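The next block holds one structure in the form of structure tokens; read it before the comments.
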Amino acid sequence: MRFLVRMDVHIPVDLDPQRRTDLVTREKRYSQDLQRSGKWPHIWRVVGEYANYSIFDVESNDELHQILSGLPLFPYMNIHVTPLAVHPSDINAG
């Protein structure tokens, strides 16, 4: 199952700088491990925002929820999930 996910990050400005650094470091490691596994095949930064659009390729809604809620920055995110289906005009589908 593929999903388009927009993640908007809102880290509080008064968060301890060391805590922020730790969270961002853990987030990068976690996301890159998922990218290597194929579960998170695409990620794009939204220009001018602390946000991204990502494609996830997972087995179920529950797996996606587990992955997203496991993000170290999850408590500081607004997340919007859109389920995707193959388009009948996609020449690469098959």
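Just so we're clear, the structure is a prediction, and the values are computed from it rather than from any experiment.
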Discussion item. To check you understand the geometry: which heavy-atom pair defines the closest contact between F3 and P83, and what is its length?
Written reply: CD2-CA, 3.6 Å
Discussion item. Run the salt bridge (Lys or Arg N to Asp or Glu O under 4.0 Å) test against R45 and tell me which residues pass, sequence neighbours left out.
Written reply: none
Worksheet item: Side chains of S54 and N52: do they bring a donor and an acceptor to under 3.5 Å?
Response: yes
Fill in: Smallest separation among heavy atoms of L15 and Y76, with atom names
CD1-OH, 3.9 Å
Worksheet item: Do you know which two heavy atoms are closest between S37 and K39, and how far apart they sit?
Response: OG-CG, 3.1 Å
Worksheet item: Got a sec: does the CZ of R2 have more than 12 other heavy atoms crowding it under 6.0 Å?
Response: no
Worksheet entry | Residue pairs involving residues 66-79 (criterion salt bridge (charged side-chain N to carboxylate O under 4.0 Å, His left out); sequence neighbours excluded) | none
Worksheet item: Can you name the nearest heavy-atom pair linking H10 to N78, along with the distance?
Response: NE2-ND2, 3.4 Å
Practice prompt. Please tell me if the side chains of I79 and F74 come closer than 4.5 Å, counting only heavy atoms from C-beta onward.
Written response: yes
Worksheet item: Do other residues, nucleotides or ligands put more than 12 heavy atoms under 6.0 Å from E49 CD?
Response: yes
Item to complete: Flag the pair D33 and R29 as a salt bridge only when some basic side-chain nitrogen lies within less than 4.0 angstrom of an acidic carboxylate oxygen.
Response: no
Worksheet item: What's the spacing between H65 NE2 and I67 CD1 if we round to 0.5 Å?
Response: 11.5 Å
Fill in: For S31 against W40, the heavy-atom pair lying closest together
CB-CZ3, 3.3 Å
Discussion item. Taking CD in Q35 as the centre, count heavy atoms belonging to other residues, nucleotides or ligands within less than 6.0 Å. Is the count above 12?
Written reply: yes
Fill in: Rounded distance [0.5 Å steps], CG in L23 versus CG in L71
11.0 Å
Worksheet entry | Residues that, via side-chain heavy atoms closer than 4.5 angstrom, fall in one hydrophobic cluster with L84 | L4, W44, V46, Y53, I55
Worksheet item: Side chain of E63, backbone of V58: donor and acceptor closer than 3.5 Å?
Response: no
Worksheet item: Shortest non-hydrogen contact from R26 to R19?
Response: NH1-NH1, 3.8 Å
Practice prompt. Any chance you could measure L64, atom CG, to D57, atom CG, to the nearest 0.5 Å?
Written response: 10.5 Å
